[in-house]
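Single-structure report; data block below.
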Amino acid sequence: MDDRAIDGIFLGCLDNLPPVSSKIVRIFTSSTFTDMSMERNALMEEVYPRIKDFCREKHGLEFQVVDMRWGVRDEATDDHMTTDLCMREIENCQRLSMGPNFVVSNTLI
């Protein structure tokens, strides 16, 4: 794919996309578990459902979100395994997703 096609995709032009090998768009949402909870909740409640509908209705894709606030057991945080678990999930998103696979939430100071 040439640079003009990629620029067009970033501008929202989704015509003439190359064939995809996956029908999944799976993203990992990253921030600390305690910060950005309001923003992450807004993404889960307001934004992600709309993206899921768009992916399904317009492109026949399955949209999945990985948010490690849910699913990391206390034992994992006690054993300092959280980073390893997050890195494995990022790798899974990169492997499974046909497109974007990572969202970073950041606090502005």
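Worth knowing before you read on, the calculation uses all heavy atoms, side chains too, and leaves out hydrogens, waters and symmetry mates. Keep in mind the model is a prediction, meaning the values are calculated, not measured.
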Donor-acceptor pairs under 3.5 angstrom involving side-chain atoms of residues 44-55: please list them, not counting sequence neighbours.
residue	atom	partner	partner atom	Å
Tyr48	OH	Thr29	OG1	2.9
Asp53	OD1	Arg56	NH2	3.0

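Side-chain contact check for Met98 versus Val25: some heavy-atom pair is nearer than 4.5 Å. Residues Cys93 and Val66 form a side-chain contact, since some pair of their non-hydrogen atoms from C-beta on lies under 4.5 Å apart.
Between the side chain of Asn41 and the backbone N or O of Ser37, at least one donor-acceptor pair lies under 3.5 Å.
When the side chain to side chain contact (heavy atoms under 4.5 Å, CB included) test is applied to Leu96, the partners found at least two apart in sequence or on another chain are Arg26. Remark: Arg88 engages no residue in a salt bridge (Lys or Arg N to Asp or Glu O under 4.0 Å) (not counting sequence neighbours).
There is no path of hydrophobic side-chain contacts, each under 4.5 Å, that joins Ile24 to Val65.
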- Message: Between Asn92 and Phe28, is the side-chain contact (heavy atoms from CB on, under 4.5 Å) condition met? List the steps.
- Response: CA-CA 9 Å; Asn92 285 334; Phe28 181 92; over 6 Å; no
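Here the NZ atom belonging to Lys23 is positioned 5.5 Å from the CG atom belonging to Leu61, to the nearest 0.5 angstrom. The CD1 atom of Ile90 lies 9.5 Å from the OG1 atom of Thr83; values are rounded to the nearest 0.5 Å.
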